[in-house]
Amino acid sequence: MNTQLGVSVKRKEARDKVTGAAKYTADLSQTPLLHVRILASTQAHALLLGVDSAAASAMPGVRAVVTGTDAGQLLCGGILRDMPPLARDRVRYFGEPVALVVAEEAQQAMAAAAAIQVRYSPLSPVTTIEEALVPDPVLVHENLGSYQRMEADIYPRAGTNLFHAVKVRKGDMERGWALSEETVEGTFHLPQSDHAAMETRAVRCSISPGGVIDITTASQSPFEVRELISRYFDVPQGMVAVHVPLVGGAFGGKAAVQLEVLAVLASRAVDGACVSLVNSREQDMATSPCHMGMRAELKLGARRTGEITAARMVFHLNSGAYADISPKLAKAVAVDCSGPYRFPNIDCDSFGVYTNAPYATSYRGFGHAELFFCLERMMDKLADALGMDPFELRAVNALKEGELTATQVKATRSNMGDLVCCLDRLKSLINWSEGARIQEPGGPIRAKGMACLCKTSDTPTDASAAATVSFLPDGTVSLNCAAVEIGPGIRTAMAQILAETLRMDVGRVYVNMEVDTQTAPYYWKTVASMTTYMMGRAVRAAALDARRQLLALGAVAMRCPEEDLEVENERVYLKADPLMFAAFRDLATGYKYGNGNAVGGPVIGRGSYVMDHLTLLDKDTGKGKAGRSWTLGAQAVEVEYDPAQHTYRLLKAATVLDAGKVLNPKTARGVVMGGMSMGLGLATREEFVQAPGGVEGATSFRTYKMLRIGEEPEYLVDFVETPQVDAPFGARGIAEHGSIGMPAALANAVAKAAGVDIEELPVTPGLIWRKKGRP
């Protein structure tokens with residue numbers, strides 16, 4: 001039997017996607033169907049004096065208008081209950097939902113929303129982190145101290161715009177600075193930006209006469225949707241059914257629960273009728289949650305030989321108007337603040353900050369692209385100050401087996417991987433030996449920059465997953481799990497793990513692409529690059545459970561001990577004589593003897609997994625274990641820079657990740673390349689720009705620019721394989737990691753080429769021009 005791992009397997013949903021047969025939330029037909037339109041705030045910060053919906057309610061086809069008063073005193077938030085589903089009393093960001101119109105046709109809903117009259121009394125907006133932190137600031141939330149905390153380890157500071165703080169303290173800072181012979185400092189600024197998934201957020205909802213809330217949604221977290229809807233509307237979880245079909249890209253943005261709450265309010269206003277709420281592109285960018293911004297201050301001290309002795313870091317996350325998942329983002333930044341390096345003395349603070357901007361949620365890399373932009377720019381600054389090669393500096397400081405991370409977790413080859421091997425592979429891949437800066441006489445400058453990365457999961461300490469395996473009468477297998485297919489082929493990977501465990505052809509494993517919380521076993525969320533690990537553990541356990549049942553039934557059928565049997569090629573066979581066997585099809589629903597007697601029954605395997613040995617972080621030191629392991633790697637970018645125009649062209653981008661074990665090489669390369677492109681978009685052009693008054697200035701693809709096909713570089717991807725011993729077949733998560741180091745590698749390359757210090761994103765010609773001292 002050939003292995004089902006390490007080979008390029010065609011994705012289970014490939015044919016439906018390439019033929020256009022695949023169905024997403026907005027494609028699903030249902031009649032009758034009402035349409036919902038959001039009326040969004042035109043102010044960034046204002047008192048909400050009144051919403052006059054009389055004219056809208058009288059318009060043709062309008063069935064209901066819903067405002068904040070219809071939601072009562074409901075406040076939403078999975079960590080901190082600080083957000084009304086519809087603005088009530090005040091608005092806190094441009095684009096915040098103020099009202100909903102439910103109408104028979106989408107055009108009628110749109111017209112009626114435009115007819116609603118809203119009276120505002122403008123307040124001074126907090127548009128930057130600096131404004132949020134001044135003494136006696138304008139408060140985005142005056143009642144911060146009274147909000148309900150849904151988790152124990154969140155620390156809001158009443159009377160300020162700081163809703164969370166995380167501290168990491170390790171070693172002796174005084175001694176660290178005393179040992180340092182060279183220091184470098186930097187202050188970094190990164191803007192908010194958009195997820196820009198191909199499919200905008202969408203949801204459908206109906207409420208049955210019996211009270212069952214039925215939701216179909218483009219979501220990464222169907223079970224969290226079920227839990228929060230149950231909590232918000234005070235109904236049992238069994239009365240909430242959540243369905244998720246294929247999702248057209250998510251990148252963390254569809255882990256948040258927002259439109260689902262609005263859809264329930266809308267359906268409730270029309271006696272439970274089925275309603276459809278689909279974001280326009282503009283509302284997906286302005287109204288739904290975005291990618292966080294950041295301001296950071298870092299200082300590193302090192303010996304002349306390169307060993308870093310001390311690190312001081314302060315991160316302020318621009319989390320926008322509401323907390324959402326940002327407390328976890330602040331934690332994630334703090335947990336990995338030392339990267340894959342040996343920093344013996346660390347002093348790190350990470351804060352979640354309110355501003356009058358769109359609120360932030362998960363984004364590919366979960367704060368790590370921002371963290372590593374700051375950290376890896378600092379590493380290059382230090383290399384320049386010491387006169388060291390950037391690769392050498394990073395290798396000198398690479399965390400070794402037995403040493404401690406920033407939160408004092410012991411590193412092993414299994415939980416950390418091999419950074420030095422990744423560096424060596426990248427150096428060859430990018431041809432570093434020819435020089436990092438090459439200038440032909442009178443011509444452009446070619447320059448290369450590199451960066452390292454690592455990321456752990458930061459899951460809840462009890463995050464869990466489950467799966468079931470059912471055998472069909474023809475011997476094929478059906479896998480039921482709640483991993484959402486958001487694009488990277490995760491359900492195909494689960495089929496591979498199942499097939500490898502049962503030693504059968506992956507083509508004989510069937511996986512339904514829809515997740516249904518009423519029939520699928522529980523899974524925490526499809527986030528954090530943890531599905532291969534968590535769901536993979538559950539699927540493998542379910543397959544092993546089914547295998548035990550097959551062996552037991554095969555022993556009865558062949559009248560021999562179970563230990564004499566093996567499973568392969570859809571057969572249970574005798575090890576001593578493989579020609580003596582019972583086929584899966586003869587055992588799948590029970591074994592029947594020649595006289596008609598039957599034993600056993602349908603073979604159904606069950607498997608589950610819950611995170612173990614994770615802890616909360618100590619409030620004062622940050623000591624604790626936030627994730628099971630890290631995926632690390634190194635990345636590089638090569639640019640061609642025109643010193644006369646301050647423009648540059650992307651030539652090459654390279655990534656080497658320690659993947660533990662590559663399950664599906666072609667898919668793995670595609671996922672990493674997609675992440676690299678996304679990271680280069682953040683590095684070169686993507687940003688939200690607020691106009692005066694906090695109004696968002698980039699709410700469509702006319703003004704929010706992304707990389708075009710002709711601007712993409714040549715992508716080079718390679719993998720190191722240091723197995724993670726507790727992962728399914730040694731595989732690490734890699735879905736987010738392609739994006740993490742790209743902004744830093746690009747900035748390091750441009751800094752070399754242009755001879756300027758880059759401390760902000762995106763790296764545009766205008767930024768370079770200003771850094772060169774032009775007026």
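Side chains of E131 and T355: a donor-acceptor N/O pair is absent below 3.5 angstrom, by distance only. For the residue pair S433/N431, the side-chain donor-acceptor check at 3.5 Å is satisfied. Under the 3.5 Å distance criterion, with hydrogens and angles disregarded, no donor-acceptor pair is assigned to the side chains of S193 and E686. With 3.5 Å as the limit, one finds a donor-acceptor pair spanning the side chains of Q635 and T655. Between N748 and R377, the side chains place a donor N or O and an acceptor N or O closer than 3.5 Å (distance only, hydrogens not considered).
Across all non-hydrogen atoms, the minimal contact from V168 to A406 is CG1-O, 3.4 Å. Summarising the geometry of D612 relative to R628, their closest heavy-atom pair is OD1-NH1, 2.8 Å, with the distance given to 0.1 Å. The two residues T309 and P344 make their nearest non-hydrogen contact at O-CG, 3.9 Å. Contact record, V671 with P488: CG2-CB, 3.7 Å, taken as the closest heavy-atom pair. The minimum heavy-atom distance between A447 and A749, with the atom names listed, is CB-O, 3.4 Å. The nearest pair of heavy atoms linking P191 to P762 is CG-CD, 4.2 Å.
Every residue meeting the salt bridge (Lys or Arg N to Asp or Glu O under 4.0 Å) condition with K381, not counting sequence neighbours, appears here in chain and number order: D757, E759. With sequence neighbours excluded, the residues satisfying salt bridge (Lys or Arg N to Asp or Glu O under 4.0 Å) with D418 are R413. Listed by chain and residue number, E434, E440, R446 satisfy the side-chain contact (heavy atoms from CB on, under 4.5 Å) test with I438 (two or more places apart in sequence, or in another chain). Listed by chain and number, the residues in a ring-ring contact (aromatic ring centres under 6.0 Å, His included) with F688 are Y704 (sequence neighbours excluded). Under the rule for a side-chain contact (heavy atoms from CB on, under 4.5 Å), the partners of M294 that lie at least two apart in sequence or sit in another chain are L190, M292, A296, F315, L317, V333, E370, C374. With sequence neighbours excluded, no residue forms a salt bridge (Lys or Arg N to Asp or Glu O under 4.0 Å) with D424. Shown here are the salt bridge (Lys or Arg N to Asp or Glu O under 4.0 Å) partners of D658, two or more places apart in sequence or in another chain: R732. Residues passing the side-chain contact (heavy atoms from CB on, under 4.5 Å) test with A178: none are found, sequence neighbours excluded. V689 meets the side-chain contact (heavy atoms from CB on, under 4.5 Å) test with E687; sequence neighbours excluded.
Using a 4.5 Å heavy-atom cutoff, the side chains of M611 and M534 are in contact. In this structure the side chain of Y715 never reaches within 4.5 angstrom of the side chain of R669, judged on heavy atoms. Annotation: side chain of K525 is not in contact with side chain of S362 (no heavy-atom distance under 4.5 Å). Using a 4.5 Å heavy-atom threshold, the side chains of T532 and I490 count as touching. Looking only at side-chain heavy atoms (C-beta outward), V184 and M378 come within less than 4.5 Å of each other. Proximity of V756 to L767: side-chain heavy atoms (C-beta onward) are nowhere separated by under 4.5 Å. Side-chain contact between M673 and S677 is absent, with no heavy atoms from C-beta onward closer than 4.5 Å. Side-chain contact between F366 and S529 is absent, with no heavy-atom pair separated by less than 4.5 Å.
Distance CG/L162 to OG/S319: 10.0 Å, rounded to 0.5 Å. How far CD of Q220 is from OG1 of T531: 9.0 Å, rounded to the nearest 0.5 Å. To the nearest 0.5 Å, atom CG of residue L429 and atom NZ of residue K652 are 8.5 Å apart. Residue L393 holds its CG atom at 7.5 Å from OH of Y341, rounded to the nearest 0.5 Å. A distance of 8.0 Å separates CZ of F251 from CE of M198, quoted to the nearest 0.5 Å.
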Before you tell me yes or no, could you show the steps for W630 and L399 under side-chain contact (heavy atoms from CB on, under 4.5 Å), namely the whole-Å CA-CA distance, both residues' side-chain angles and the distance that decides it to 0.1 Å? CA-CA 12 Å; W630 287 259; L399 195 65; over 6 Å; no

M379 and I308: side-chain contact (heavy atoms from CB on, under 4.5 Å), yes or no, with the steps? CA-CA 10 Å; M379 293 297 284; I308 292 172; 3.6 Å; yes

For a side-chain contact (heavy atoms from CB on, under 4.5 Å) check, start with the C-alpha distance between M742 and L682, then their side-chain angles and the critical distance, and finish with the verdict. CA-CA 9 Å; M742 282 288 107; L682 293 178; over 6 Å; no

Checking side-chain contact (heavy atoms from CB on, under 4.5 Å) for the pair Y648/I445: CA distance, chi angles, key distance, verdict? CA-CA 9 Å; Y648 61 91; I445 300 169; over 6 Å; no

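R537 places a side-chain N or O within donor-acceptor distance of the main-chain N or O of D726, the cut-off being under 3.5 Å. Under a 3.5 Å cut-off, the side chain of K331 and the backbone N or O of L617 do not form any donor-acceptor pair. The closest donor-acceptor contact from the side chain of E182 to the backbone of R304 lies at 3.5 Å or more, if one exists at all. No donor-acceptor pair closer than 3.5 Å links the side chain of S739 to the backbone N or O of G679. Using modelled atom types, no side-chain atom of T183 and backbone atom of L300 make a donor-acceptor pair closer than 3.5 Å. Although no hydrogens or angles enter the test, the distance criterion places no donor-acceptor pair under 3.5 Å between the side chain of D380 and the main chain of L382. Without hydrogens or angle criteria, Y363 side chain to A369 main chain gives no donor-acceptor distance under 3.5 Å. The closest donor-acceptor contact from the side chain of S350 to the backbone of A330 lies under 3.5 Å. At distances below 3.5 Å, not a single donor-acceptor pair connects side-chain atoms of T647 with backbone N or O atoms of P765. Looking at T631, its side chain never comes within 3.5 Å of a backbone N or O of I734 through a donor-acceptor pair.
For the side-chain hydrogen bond (donor to acceptor under 3.5 Å, both in side chains) with R169, the qualifying choice from D618, D349, N345 is D349, the only one to do so.
Contacts classified as ring pair (Phe, Tyr, Trp, His ring centres under 6.0 Å) and involving residues 393-427 (residues at least two apart or in different chains) are not found. Among residue pairs with one or both ends in residues 367-420, those qualifying as ring pair (Phe, Tyr, Trp, His ring centres under 6.0 Å) are F188-F373, F391-W432; sequence neighbours excluded. For the salt bridge (Lys or Arg N to Asp or Glu O under 4.0 Å) condition, the pairs that include at least one residue of residues 401-412, sequence neighbours left out, are R342-E403.
For R437, the CZ atom counts as densely surrounded, since its 6.0 Å shell holds more than 12 non-hydrogen atoms of other residues, nucleotides or ligands. Counting heavy-atom neighbours within 6.0 Å of K400 NZ, excluding the residue itself, gives a total above 12.
Salt-bridge annotation for D347 and K167: absent, with no side-chain N of the basic residue lying under 4.0 Å from a carboxylate O of the acidic one. Taking the charged nitrogens against the carboxylate oxygens, D389 and R394 have no contact shorter than 4.0 Å, which rules out a salt bridge.
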